[in-house]
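Lettering follows sequence order; numbering is per chain, from 1. What you see below is based on every heavy atom in this structure, not just the backbone, and it leaves out hydrogens, waters and symmetry mates.
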Amino acid sequence: MHIPDGYLGPTTCGFFYVVMVPIWALASKIVKKTLKAKQVPLLAIGAAFSFVIMMFNVPIPGGTTGHAVGGVLVAILLGPWAACIAITVALVIQALLFGDGGVTAIGANCFNMAFVLPFAGYYIYKVISHNSPVDSNRRVIAAGVAGYIALNIAAALTGFEFGIQSFLHKTAAGQALYCPYGLNVALPAMIGEHALVFGWVEAIVTALVIKYIQKQDPGLITEGRA
Amino acid sequence: MGTLVFLKESVFSDEYASRKGFMQSIDPRFKAVSFFLFILTALFTKSIATSLWLYLLCLMLVCVSKIDLGFFLKRTWIFIPIFSLFIAIPAIFSIVTPGEALVSFKLAGLNFIITRPGLAGGALFVTRVTVSVSFVVLLSITTKHFELLRVLRVFKVPHMFVMVLGMCYRYIYLFVEVVENTYLAVRSRVGRRVHYKKGQRMAAWNMASLWHRSYRLNEAVYNAMLSRGYSGEPAIFNDFKARPRDWVWLACSVVLTFISLNII
């Protein structure tokens, strides 16, 4: 889901930077206000955690592997605003040091994975889990459903961003300048692979990690957001 | 395991950044700004010739920076440009991009037509992606990573982000070590492929355990910060010093950008 440089035109890249700047500023303000001073390293831990989560190869049927994004998991553990900062930091490091995800596409990548993904996932989790006890199965199911739906929403957005490039940037001769496929191809391709494969990986990982944390140290599910 | 080893080798290796090459001698702030200009040029250009010229410039910079060209090509082409090449292939045919036919052939009873706008669009797309990835990789391997993260201050990134970035970078190294050791321990005990359901549980357990261990580390890290003078507001040291050659390099980069975009 990481959009590399060259897939989105300058208009889309610029638009998402403009959208993300106030979100980053607000996230910074809210986190500074709500996070206790001694929890500051938690942001870095969350960022490193979401970076490393993407490196875990999760086996899927058929002998192959996929990886989770972990955005919903970090949002459940740290809250959505702190998750926004943590995932942004992870995406910036990936783009600058790893070449994964473009520098010009950081705004779009952060909108999809550091804003929409954790916020959608967090609120879906909140609605489904409601006020159930920290160690209830309902929270495990809520985490899985939230991981699946939120990842698919983010994937659909990414597909939409790819798909509009051929409308926005084309020469008179019909030559595509950026991502060459329209919405009729990009949207089903992105939704299809995430609905069939990666969404399930995200759901399984999010649910199982919450289940293990419930068993080992249930306080962690609410502590990080305190 | 392979991913983790690749991550350690590529992200945490400052081997090339320590060499005495041309790009290594440029102030990281000036280097980052100039490379950002080149990436923006690659983004804005509609000409394959400009994209190719930028790629040539990048390869020339690789050579004068004492970087092994084979290593650089391997590092940049795997995975994004090759993936983009595969994505671009269907777009060169008339079914995706209609237009003036260049080549047509029959395969398995189906008629395939490669069109001029399709081929031009596909080539521009792949070169644009390759140029951008190449400049980012060149920036990353010729700059000490900690310095590169500090450069973000130039772009007025808030202190909190810069501090979290610096800490996160160190944590990633620690986490990768923990995960690598855990996988090694699991492999040495299991000794064979496990069923995918078991594998999923193992991966999830690893993540949960990683979170548990690192969360509990938080307080120790905070105490370490306090003992080093942290008072609630992060302080970022700015010990970069610009020299005349940095200004010359930046001026050259701006001129090259303007020429590439036909502004002058």
Side-chain angles (χ1 to χ4, degrees), chain A residues 4-7 10 13 24 28 31-32 37-45 47-49 51-53 55-61 77 85-86 88-90 92-93 95-99 102-104 171 173-181 185 204-205 208-209 212-213 216-217 220 223-224, chain B residues 3-4 7 10-11 36 39-40 42-44 46 80 84 88 91 96-99 116-117 120-122 124-125 128-129 132-133 136-137 140 145 148 158 160-161 164-165 167-169 171-172 175-176 179 196 199-201 203-208 210-212 214-215 218-219 221-222 225 232:
Chain A
D5 284 315
Y7 279 61
C13 292
W24 284 323
S28 212
V31 167
K32 236 178 177 176
K38 70 173 193 175
Q39 283 179 314
V40 169
L42 256 188
L43 285 177
I45 291 175
F49 184 69
F51 184 104
V52 174
I53 269 188
M55 300 296 140
F56 277 95
N57 287 322
V58 180
I60 47 181
L77 295 170
I85 293 182
T88 296
V89 166
V92 168
I93 290 184
L96 283 181
L97 306 184
F98 205 41
V103 173
T104 55
T171 63
Q175 176 195 325
L177 292 169
Y178 300 94
C179 184
Y181 300 102
V185 176
I204 290 166
V205 164
L208 284 179
V209 172
Y212 280 109
I213 292 178
Q216 299 299 320
D217 199 345
L220 287 186
E223 237 175 78
Chain B
T3 319
L4 293 172
L7 179 77
S10 56
V11 178
F36 191 61
I39 292 169
L40 279 181
L43 183 71
F44 275 94
K46 294 174 182 173
I80 295 166
S84 305
V96 177
T97 317
R116 187 180 291 276
L124 179 62
F125 175 67
R128 197 199 301 279
V129 171
S132 308
V133 171
V136 170
V137 170
S140 133
H145 292 160
L148 188 55
M160 179 182 254
F161 276 93
V164 173
L165 271 164
M167 287 171 71
C168 171
Y169 179 70
Y171 269 122
I172 289 170
F175 283 10
V176 169
V179 173
Y196 78 90
Q200 285 172 352
R201 279 196 203 104
W205 179 86
N206 264 323
M207 288 180 206
L210 185 66
W211 179 255
H212 187 239
S214 46
Y215 189 93
N218 174 50
E219 202 160 331
V221 173
Y222 181 68
M225 285 164 68

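Contacts with chain A were tallied for B:Val137, B:Leu124, B:Ile39, B:Val136; B:Val136 has the most, counting heavy-atom pairs under 4.5 Å. Ranked by non-hydrogen atom pairs under 4.5 Å with chain B, the options A:Gly6, A:Ala48, A:Cys179, A:Gly102 are led by A:Ala48. For the options A:Leu96, A:Val31, A:Val92, heavy-atom pairs under 4.5 Å to chain B are most numerous at A:Leu96.
With hydrogens and angles disregarded, a donor-acceptor distance shorter than 3.5 Å links the side chain of A:Tyr181 to the backbone of B:Ala91.
Interface residue B:Val96: only side-chain heavy atoms are found under 4.5 Å from chain A. Of the atoms belonging to A:Pro180, heavy atoms from both backbone and side chain fall under 4.5 Å from chain B. Proximity to chain A (any heavy atom under 4.5 Å) is shown, for B:Ala42, by neither the backbone nor the side chain. A:Ala95 touches chain B through its backbone: at least one of N, CA, C or O sits under 4.5 Å from a heavy atom, while the side chain does not. Proximity to chain A (any heavy atom under 4.5 Å) is shown, for B:Leu43, by both the backbone and the side chain.
Rounding to the nearest 0.5 Å gives a distance of 9.5 Å between CG of B:Leu165 and OG1 of A:Thr88. In this structure, OG1 in A:Thr104 is found 9.5 Å from CZ in B:Phe44, a value given to the nearest 0.5 Å. For the atom pair SG (B:Cys168) and CD1 (A:Ile93), the distance works out to 3.5 Å, reported to the nearest 0.5 Å. To the nearest 0.5 angstrom, B:Arg128 atom CZ is 4.0 Å from A:Tyr178 atom OH.
By the side-chain hydrogen bond (donor to acceptor under 3.5 Å, both in side chains) test, A:Ser28 is found to be paired with no residue, residues two or more places apart in sequence or in another chain being considered. Under the rule for a side-chain hydrogen bond (donor to acceptor under 3.5 Å, both in side chains), B:Thr97 has no partner lying at least two apart in sequence or in another chain.
In this structure, A:Tyr7 has its ring center closer than 6.0 angstrom to the ring center of B:Phe125.
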